[in-house]
**Q** 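The structure that follows is given in the form of structure tokens.
Please read these numbers as outputs of a predicted model, since none were measured by experiment. Chain identifiers are assigned alphabetically (A, B, ...) following the order of the sequence lines, protein sequences preceding nucleic acid strands; residue numbering begins at 1 within each chain. As a basis for the values below, the full set of heavy atoms in this structure was taken, side chains included, without hydrogen atoms, waters or symmetry mates.
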Amino acid sequence: MPGFSSGDAAWILAATSMVVLMTMGLGFFYGGMVRRKNVVSMISLSFVSMVLVSLQWVLVGYSLSFGGNVLGGFVGGLEYAGLRGIAVDQPTPGLEGLPHLAFVAFQMTFAAITLAILTSALAERVKLGAFLVFGLLWTTLVYDPVAHWVWGGGWLHTWLHEALGAAPLDFAGGTVVHITSGFAALVLALVVGKRIGYGEYNMAPHNIPLTLIGTALLWFGWFGFNAGSALAADASAANALLVTHIAASAGALAWLVASWVRDKPGSLGLASGAVAGLVAITPAAGYVGAGAAVVIGAVAGLLCYGAMLFRIARGLDESLDAWAVHGMGGLWGAIATGIFADASVGGVSGLLQGNVAQFIAQVVDAGVAIAYTVVVTYIIAKIVEALLGLRVTETEEYVGLDLLQHGEEAYAWGG
Amino acid sequence: MKKIEAIIRPEKLEQVKKALEENGYTGMTVIEVRGRGEQRGIKLQFRGRSITVDLLTKIKIEIVTPDEDVDKIVEIIAKNARTGRPGDGRIFIIPVEKAIRIRTGEVFE
């Protein structure tokens, strides 16, 4: 075997496992927030996202994301399709200490959780079969190209680097994971339409402890997500882990206090604020210190809370707030990376250190990702809607997806 | 004195409760139940197979009230629980002999 670093490999394998757990945890996070007749369906959507995208990833996804440029750098080539040409003992390109397959697996979990996040928009009303088709198309046509632009050396990265002298920074997927899933959720919610009785019937979360368990798993897994993105067991990973936790704490406290001012300090606010902080620090985790993490997390908590109130005021049923938390949190994180990047942490300066170009690169990068995601998601959703129909019938929605789609009940009667 | 038992759709509870409260009727007991009516539940087709969901989740509201309030309460419940589709539920009116307030021992007849 080549000179692999067992420390790096061990950490990335552990981090990969943590992100897998995080994706299942997202199912619990969402599952607690729906009505009891749809909890099996909601949790299953995260599991389904995991298994579907994992297979897509080894067949074409990894290659489309990290293969060599084709179509002018729009997407990666198919040289790694089916993981061909990747020997067991081959190191990751550019990272001699890390087995290539560890990198493939780690990146796979990012693609999987991205699809799981956007299931927020489909809560309590989606046809499972249509979701499978949508998910496959979306991951292939939205996630993979955007991952290629940001991480795979695609056109956006190259173009910004040439135009501004500053390549966009996205340490662990603020743009690739959170902006794409969050804005796709918004578009999808508009195409699918509101749940029957939205704004009229009681749709309160049926099991808040379940959501809190999901939050705990997300929080834990996020250390693998962000600190794993250092791709080594090194100082950058240590910094990423610390700032991730600090930003989550600041986000949780900010949302809690803001919701307290308006009403009561709900635990759901605490949980959502933590996730908002985690999302926002994600692109910045390798480039900022703990002080900036406090600001990034706290602003994320307030901004995402405001975005949620805006969504509700507009009567948009983007049911579990992927847009407010991941979309807006990811956007803020991308911009904040351009503001707070600290040369002493990650070797790149941001706006506060006088690097205007980096700030512009971040804004353009996020803007392009949003525009592309919105347009392509809309087209895919409309096509699947026309061919298969994305949502169940009114009667099925009334009875609930657990019984209808899965033939199961979370809380069986007389059992 | 009568007891009104209304079996309604769960999603209509908030609306019914609010309407009753706006008319000054605050006391009630609410129970989550399952049941079926003349349609024997809901029949659906799923991937070519027929599925019957025979016991559907419902809410039962129980209100004990003087005779003169019965019609008004029934009217409020019926109006606010109605969707016009099968499964809207039933309202039953049952005579009550006596009611005792546990705190004070007060007896209502």
**Q** Inspect the contact between B/Arg34 and A/Glu409 and indicate whether a charged nitrogen and a carboxylate oxygen are less than 4.0 angstrom apart.
**A** yes
**Q** Answer yes or no: does atom OH of A/Tyr378 have more than 12 heavy-atom neighbours from other residues, nucleotides or ligands under 6.0 Å?
**A** no
**Q** Establish, for the pair B/Arg85 and A/Tyr398, whether the NZ or CZ atom is under 6.0 angstrom from the six-membered ring centre and no further than 45 degrees off its axis.
**A**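 Negative - B/Arg85 is either too far from the ring of A/Tyr398 or too far off its axis.
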**Q** Kindly state each residue pair satisfying side-chain hydrogen bond (donor to acceptor under 3.5 Å, both in side chains) with at least one member in residues 116-137 of chain A, sequence neighbours excluded.
**A**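 Listed by first then second residue: A/Arg35-A/Glu124, A/Asn38-A/Glu124, A/Ser120-A/Glu318, A/Glu124-A/Arg195, A/Arg125-A/Ser319.
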**Q** Measure the CD-CD distance between A/Glu200 and B/Glu14 for me, rounded to the nearest 0.5 Å.
**A** 11.5 Å
**Q** Output every pair passing side-chain hydrogen bond (donor to acceptor under 3.5 Å, both in side chains) with a member in residues 255-265 of chain A, not counting sequence neighbours, ordered by first then second residue.
**A** A/Arg262-A/Tyr305
